[in-house]
Asks: 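This structure is in structure tokens; I'll ask about it shortly.
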Amino acid sequence: MAYITTPVYYVNDDPHIGHIYTTVVADVLCRWYRLSGEPAFLLTGTDEHAAKVVEAAKNRGFLTSEWARSKSKSFKDAFHGFNILPSDFIRTSETRHVEQVAACMRLLLGSGDIYRGEYEGWYDTGQEEYVSEVKARQFGYASPINRKPLVRRKESCFFFRLSAYGGEIRELIETGQLRIYPGVRKEELLTRLEEGLRDVPCSRPRADDWGIVVPGSPDQTVYVWIDALVNYLSAINTRERRRWWPPTHQIVGKDILWFHAVIWPAMLLALRKTQPFSALELPQAVHAHSFWVRDGEKMSKSMGNFVSVDVLRGLGDAYGVDSVRFFLVAAGPHGASDADFSMRRFHEMHVSALANTVGNCCSRVTTMIERFCDNRRPEKRDGTGFPIARVTELIEETRNAVAKGDVAALVSGALAVFRVTDSYIHSAEPFRLAREPSQRGRVSGMLHDALEAIRLASLLLWPLMPERMQTLWSAIGVDYLTQTMGNGSSAPSDEHFAWGGSRFEGPVASLRTLFPKVDSADPSSAVVALETRRA
Ligand code: MSP
């Protein structure tokens, strides 16, 4: 059973590749759990109480609430367009969330973990966060994120007693009770934790009607980050849903790891000291991916170089949504380094990994089954020389890696199985043997094994490319999983991951083009065209 979360996204602007990426990764992980027979709950949504949302609405002449509703819908629609199936989409302006934040504030005010004080420091208005003196100096008193000047701010506000939890958080991370991926980020966190923690502001003077008022203090609104983090609790804090707690995998970008790996667990530790939450468990793992960059440059509003949802949609129209999902996971900034987006890279990956490796292998094997077995499922036979042990090992290795949240392992694992199958066919030459009528039984055995390897590889790829893999399943007569998986349920068990562990049902149809062949003479001009259309 898994509870998987993405950040809630700011609604000051339209979604872009970064938001789609994080959410696709979470969706892939969630589908993987379901395919493995484990129920999973995927939460995503929008973060609406930031000052920059108020400003964006004002600049365009909208009521903040109207603006937030319409942008939140853009996120929801964009996710839908990339075949992301969240179990819930939460908006932080919803009553269920506002009430949950107020309840948490009340409890922490009561326990003394939130107290009134005065804060003075360097404030990053773009990020809505204070920057430490050390960091401010290091970056020349400009935002480490967008380079705009930091603002000196002094204000009366409430503080969260973060300093009391540094030791516990460090221990949780060190002992692996709270797992942080990738390892370099874990080390960075531990180093920063060694410096000790200061209490952090958790409210700001109320500037408008937007935001959640601190209970009992109408002059203060809850600081947007404290507000936002609570969403993970708000969404499942009902009688039917409470069983999903705690989060199994929290997928975030590296920019917001500190909030998720330090402040959020500290808030939960503080809440645990209050009666209603005395049995509260802590999240199990935070996965911090890196950033998509464009031609080596950070994507930013001022540079105007974001890869927009429209560009990704255009790619989806030409190459298929599954190809976009595949590319995001296969080429994305899953680990510690940033990933460069380029149309050329996208096109090349579609051609080499999907059309040439996956597509060709499927086409070759099913076409041979059509020709040499009259579309009937080939018979199993011993002594085919197929490297079954290697394939089983690859499946096992991949499953272990994904259990740690490494969704990119699905790509490498599946491609390795396709390559093993291809080279088997290349050297065993069933197409040549089939010319001898006496060898047809042997050929059938070979094709049986190749087909079984393809079936197993298709399981690894289904979370990334559900539509294409369902087409494949139906062509090879194993589409009994389609219905269960298609409606968000989990498979009855994980037996289908074993060699020979499938119920083959129908005949095998030849599958000549699983992935569209797209000619892209000048992929970069296609992007320009798409972007111009948008402007
Ligand atoms: N609202 C906060 C999160 C609160 S969670 C309790 C926020 N929102 S955001 O809209 O700025 O989205 C942040 C997330 O979007 C990042 O953490 C990351 O997941 C994703 N990305 C934004 N830009 C990105 C790239 N250029 N590349 C990859 N992902 C990035 O922060």
Side-chain angles (χ1 to χ4, degrees), residues 4-27 43-53 56 68 71-72 74-75 78-79 84 90-93 97 100-101 104 124-129 143 145-146 185 202 211-212 222-235 247 249-265 267-268 283 286-309 311-312 327-329 331-341:
I4 299 163
T5 70
T6 77
V8 277
Y9 303 105
Y10 286 133
V11 286
N12 56 318
D13 219 332
D14 289 319
H16 58 68
I17 188 173
H19 308 124
I20 302 293
Y21 173 69
T22 311
T23 321
V24 163
V25 167
D27 181 65
L43 179 68
T44 189
T46 44
D47 185 357
E48 307 192 358
H49 291 138
K52 57 185 168 192
V53 174
K71 286 291 154 198
S72 180
S74 312
F75 276 85
F79 295 157
I84 293 163
I90 190 166
R91 300 180 54 199
T92 59
S93 56
H97 174 72
Q100 183 67 66
V101 172
C104 291
D124 182 336
T125 44
Q127 289 299 101
E128 309 243 353
E129 62 174 320
S143 162
I145 309 288
N146 65 14
R185 300 277 172 259
C202 64
I212 303 175
V222 178
Y223 170 45
V224 68
W225 262 104
I226 301 290
D227 165 345
L229 287 165
V230 174
N231 90 84
Y232 305 124
L233 204 51
S234 315
H249 301 280
Q250 301 212 270
I251 318 289
V252 302
K254 62 181 176 183
D255 53 331
I256 58 175
L257 176 61
W258 182 257
F259 287 101
H260 285 84
V262 177
I263 299 187
W264 170 230
M267 284 166 65
L268 294 170
V286 186
H287 304 262
H289 61 73
S290 300
F291 270 31
W292 281 100
V293 295
R294 182 92 174 253
D295 306 315
E297 294 272 358
K298 189 176 156 45
M299 289 191 242
S300 73
K301 233 174 162 178
S302 50
M303 294 277 296
N305 62 349
F306 272 117
V307 177
S308 67
V309 167
V311 166
L312 295 177
F327 174 75
L328 290 176
V329 174
H334 184 66
S337 347
D338 290 344
D340 208 17
F341 177 89

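For clarity, every value in this text was computed on a predicted model and none was experimentally measured. Counting convention: from 1, in listed order, for ligands and their atoms alike.
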Asks: Taking both backbone and side-chain atoms of Thr22, is any N or O found less than 3.5 Å from an N or O belonging to ligand 1?
Replies: yes
Asks: Please identify which atoms of ligand 1 are closer than 4.0 Å to at least one heavy atom of His289.
Replies: 18 (C), 19 (O), 28 (C), 29 (N)
Asks: Ligand 1 versus Phe259, non-hydrogen atoms closer than 4.0 Å: side chain, backbone, both, neither?
Replies: neither
Asks: Within the 4.0 Å heavy-atom shell around Ala228, which atoms of ligand 1 are there?
Replies: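 Every atom of ligand 1 under 4.0 Å from some heavy atom of Ala228: 6 (C).
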Asks: Under 4.0 Å, heavy-atom basis, I'd like to know which part of Lys298 is in contact with ligand 1: side chain, backbone, both or neither.
Replies: neither
Asks: Answer yes or no: does an N/O atom from Ser290 fall short of 3.5 Å to an N/O atom of ligand 1?
Replies: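 N/O-N/O distance under 3.5 Å: no.
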Asks: State whether the shortest distance between N or O atoms of Gly253 and N or O atoms of ligand 1 falls below 3.5 angstrom.
Replies: yes
Asks: Using a 4.0 Å cut-off to any heavy atom of Trp292, which atoms of ligand 1 qualify?
Replies: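 Answer for ligand 1: 25 (C), 26 (N), 27 (N), 28 (C).
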Asks: Mind checking whether Tyr21 has an N or O less than 3.5 Å away from an N or O of ligand 1?
Replies: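 No: no nitrogen or oxygen of Tyr21 is under 3.5 Å from one in ligand 1.
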Asks: Heavy atom to atom 23 (N) of ligand 1, shortest distance: which of Lys254, His19, His16, His49 holds it?
Replies: His16
Asks: Checking Gln250 against Thr5: is there a side-chain donor and acceptor pair closer than 3.5 Å?
Replies: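 Indeed, the side chains of Thr5 and Gln250 share at least one donor-acceptor pair under 3.5 Å.
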Asks: Quick check: Asp255 and ligand 1, any N/O pair under 3.5 Å apart?
Replies: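 Yes, Asp255 has an N/O under 3.5 Å of an N/O on ligand 1.
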Asks: Kindly confirm or rule out an N or O of Pro7 lying under 3.5 angstrom from an N or O of ligand 1.
Replies: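 No.
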Asks: Less than 4.0 Å is my threshold; does some heavy atom of Trp264 fall inside it relative to ligand 1?
Replies: no
Asks: Check this for me - ligand 1, Tyr10, N or O atoms closer than 3.5 angstrom, yes or no?
Replies: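 Yes; at least one N/O pair falls below 3.5 Å.
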Asks: Mind checking whether His16 and Phe341 have ring centres under 6.0 Å apart?
Replies: no
